[in-house]
Amino acid sequence: MGKSPQVNREVWLKDIEDLIANLEMLFEYSEVNIVAFKKIIKKFQKYIEHGNVSNVWTVIKAYRFFSNSELDQVLLAKAKKELRKSVPEMALTPTEALPVADQGNVPTVTKLDLDALPGGQISKLWLAVYEDGTGSLIRIPVIVAKGVKYGPTVGMTAALHGNELNGIPLIHRLFREINPQQLHGVLVAATVTNVPGYVRNQRGFSDGTDLNRIMPGKANGSSPQVYAYNLMERLIKKFDYLLDIHTASAGRVNSLYARADMINPKTKKMAILQNPQIIVHNTSPDGSLRGAAMSNDIPAITVEIGDPSKFQKRFVKNALLGVTNILCHLNMIPNEVDQPEYDPVVCSRSYWIFASKGGVLTVQPEIYTWVRKGEMIAQLHSLFGDLVETYYAPEDGVVVGKSVNPVCESGSRIIHLGVVEDSFAKEAHDGHL
Ligand SMILES: [Zn+2]
């Protein structure tokens, strides 16, 4: 990076971050051709050498309006990849100059006393809920933005399934954008709700138990039940509204969708404001966090953002817009509700289609596409290559999620099919929480 100034490293990193974000916007939303893009990159690299990125965006903006072709798209994608390769390396050396957060400064608490926290500020806390076999506290990372004016308390929980991670960058971005000085009410977010699962890169608790099936837990119960109980008592019950953020499970992919009770006017409104690709009417099942919250009169929806064990920027960006919509609607932030370009597909019910036999599975339709009754949706082959079974769509529907793991056992999931009908059933479950 040569002579780039050391003093302004933070500014420099922020510039780089903004620049990448802007380049991505450019790539996704505006029409440039590759010649222009090459020029941009050339200039960009020149600026990098001189340690001044802030001017680059001005240069890029000048090239906004060009024609677009499929070939350009491919080349653009390549250029973007190259850019990604080069930028972080330059930005991250030398490492000793990077700002390091002092995690020791984040206090540990055993109860979340929102009244005691300062207004007009963002507070970071470790909320202790459990002790592990070493007697160490297991602590949930909680971020609180407390406004100076009265308003509701909205809670967000991510990674209740420890490998479902897209909620983490969503929360980070939201808190970067929130101005607590202008906020009405309180925004509380747990970036990782199932800490023992998260550190093991797994969905379930330390013993594998699915926490989203044993809510609200038990004070005198098994380890996961105690964890669930303390989670409910110390965190969830503080909320007036809950957004529980998930992704698909391992071996599957999801659209951006919300599950909500579409008969309850509050959760219906939340789901529509969340503006996902698909909304699935689903009365909160027993044992789920959403169900436990609803039983405590806390309107709750589940937001399913894409796939497990990864961060998916585009889904996160869209989901963030939805969260902002909800906060606007509750008059917590001053912006206006963003009118979506497309309305979500609202499914009155949904269900999984399961494989009956074992072998290797290929699922045909992509997520968020329509299938017609009788359309082939998957084929199962034996390990010798013989076709064992073909699966067809039992009715018209939209693909909410699907399996991408070829290894298929009897009872493995194939497709999560959403069905659009005129009315919503009082009880609706899809066998997936
Ligand atoms: Zn989940």
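Read the numbers this way: they start at 1 and go in the same order the structure lists the ligands and their atoms.
- In summary, the aromatic rings of Phe205 and Tyr130 are positioned with their centroids under 6.0 Å apart.
- A salt bridge links Glu395 with Arg349: the distance from a Lys NZ or Arg NE/NH1/NH2 to an Asp or Glu carboxylate oxygen falls below 4.0 Å.
- Of all the N, O or S atoms in His161, the one closest to the Zn ion (ligand 1) is ND1.
- Per residue His246, closest N, O or S atom to the Zn ion (ligand 1): atom name ND1.
- With respect to Lys357 and Glu389, a salt bridge is recorded, a charged nitrogen being found less than 4.0 Å from a carboxylate O.
- Under the 4.0 Å criterion applied to side-chain N and carboxylate O atoms, Asp396 and Arg372 are assigned as salt-bridge partners.
- Distance check for Glu164 against the Zn ion (ligand 1): an N/O/S atom falls below 2.8 Å.
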